[in-house]
Amino acid sequence: MTTVVWGALTDVGKARQINEDSYFAGVRLFIVADGLGGHRAGEVASALAVDIVSALDDQPDPISADELEATVLAANSSVNERASQDPTLAGMATTVTAISINGDQAVLAHVGDSRCYVLRDGAMRMLSSDHTLVARMVAEGAITAEQAESHPQRSVLTRALGSEPSVSVDCEEIPLRNSDRIMLCSDGLSSYVPQDQITAMLGEHADPQAACAALVAAANNAGGPDNITVVILDISDVAPAIDTKRAAAADVYDPEAPLQDARRAPASRSAPNAKAVRARGRMPARAIAWIAIVALIAGGGLFGLKAWAKRSWFVGVDGNTVTIFQGLPTDFIVSLSSVKEPTSLTLDQVALYYHPRLKEGIRADTLNAARQIAQRVPRTSEASPPPGIPSPSPSGSRT
Ligand code: CA
């Protein structure tokens, strides 16, 4: 039985206020999506795309290339429609790179510049093609691959999910071999850590979760200018059936249990003989808060902690109301959060796939950033705008 042992990690990086990346790790399906556009609701686009494509993981049968492509196309339509219906989400788009492990072969579907690699016999091979301007320039011979790596326009995409009513999806079948190590990542890793360094680090860390942690740390050491997401799959005992496990080291690096998707059946029902843990999305804000709390107690004590909490914001839920809080999304001896601004949005008006994200709290560094996040909270199709959320302060200051 093909055994898949996976690790996954996402991190906001060192320069961004919001993590716009999303990922999914299921029984046979693994996805990385990198939401685009800074203030253009990238975090909503990537979460929506991952939500739609990940539904395929519920089926017990192998996922065909046609099925995967059709689902990515459906995600494109949904993101595009949502963006055109809701002015706060206008222009949102995302990359999506999804791989389904179907026993002795895999199916890859890809749009954008997130990447899929396979490490086989010590050599890295990129399985996806970047849909970027510089990749096109390389293909046309205008610049070299080396020049592309540091080209100032290297993040300009020629294709993204949701930006147009239709999109062309790269779809490929890949025969698997024993000891293949597959890595999906957002460009927050691949643009800032050289490929030979990634290859070396994948060779150094046998545990896939430890490898994810090391790669995220390397991207942060390189400045962490972008959100960073890495999903690593170790393939062994290649055969037609499949068994999926989360890496043992996951507990060490993920302070909180992965979010369970309440809307779906447990993974064990999806695929016979598969014992998978589903993990979604991002480093929970709560986990980040706990790490910060531990660090602060070691350093400055409760006084420093309270001072830090006063400079933090998050969008969460108060009772049934979407609310902007000042503080940290956790309770620790004393309450570290206070209600700042309730919105007129209630939880039942919020798209179901966004509930877990709100319940864990979406961190922001400023009140303005929190207000922007609140305005972009995706709604159910019945609850259309106007949202009635307090508008950002008129100062126009960038946050
Ligand atoms: Ca990115």
Side-chain angles (χ1 to χ4, degrees), residues 8-24 30-50 53 72 75-76 79 83 89 91-99 109-117 126-136 148-163 167 170 183-195 197-198 212 215-232 280-283 288 357 362-365 369 372-373 376:
L9 194 61
T10 187
D11 188 83
V12 68
K14 292 198 161 170
R16 302 283 181 93
Q17 290 181 355
I18 301 171
N19 191 346
E20 297 180 315
D21 289 357
S22 294
Y23 75 83
F24 174 83
F30 301 84
I31 310 168
V32 166
D34 175 355
L36 311 175
H39 295 285
R40 290 197 199 143
E43 79 281 11
V44 177
S46 68
L48 179 57
V50 163
V53 178
V72 172
N76 183 80
V79 173
L89 305 178
M92 71 171 177
T94 181
T95 73
V96 67
T97 302
I99 192 162
H110 165 74
V111 177
D113 69 345
S114 298
R115 287 180 174 182
C116 178
Y117 293 90
M126 196 167 134
L127 299 174
S128 55
S129 306
D130 290 348
H131 299 141
T132 57
L133 198 58
V134 294
R136 188 183 285 177
E149 293 297 317
S150 55
H151 197 282
Q153 264 94 50
R154 66 181 181 273
S155 59
V156 176
L157 294 185
T158 52
R159 256 192 252 175
L161 194 93
S163 58
V167 70
D170 288 355
M183 181 181 83
L184 308 178
C185 69
S186 61
D187 67 336
L189 175 72
S190 52
S191 288
Y192 304 103
V193 181
Q195 192 179 315
Q197 190 183 340
I198 294 175
C212 289
L215 289 166
V216 166
N220 275 324
N221 286 340
D226 197 358
N227 309 141
I228 310 145
T229 302
V230 189
V231 176
I232 293 174
R280 303 180 65 75
R282 48 220 68 78
M283 181 81 154
I288 295 168
R357 201 157 197 177
I362 306 168
R363 277 232 328 116
D365 288 339
Q372 285 168 12
I373 292 167
R376 293 197 298 249

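Indexing begins at 1, ligand by ligand and atom by atom, following the structure's order.
Within the coordination shell of the Ca ion (ligand 1), defined by N, O or S atoms under 3.0 Å, Glu20 is absent.
Scored by the side chain to side chain contact (heavy atoms under 4.5 Å, CB included) test, Ser128 finds Leu108, His110, Arg115, Cys116, Met126 as partners (sequence neighbours excluded). For Ala218, the side chain to side chain contact (heavy atoms under 4.5 Å, CB included) criterion is met by Val193, Gln197, Met201, not counting sequence neighbours.
Between Arg154 and Asp113, none of the side-chain N atoms (NZ, or NE/NH1/NH2) sits under 4.0 Å from a carboxylate O, so this pair counts as no salt bridge. For Arg357 and Glu43, the salt-bridge test fails: no basic side-chain N is under 4.0 Å from an acidic carboxylate O.
The angle that Asp187 OD1 and Asp226 OD2 make at the Ca ion (ligand 1), rounded to 10°, works out to 80°.
Minimum-distance N/O/S atom of Asp34 relative to the Ca ion (ligand 1): OD2.
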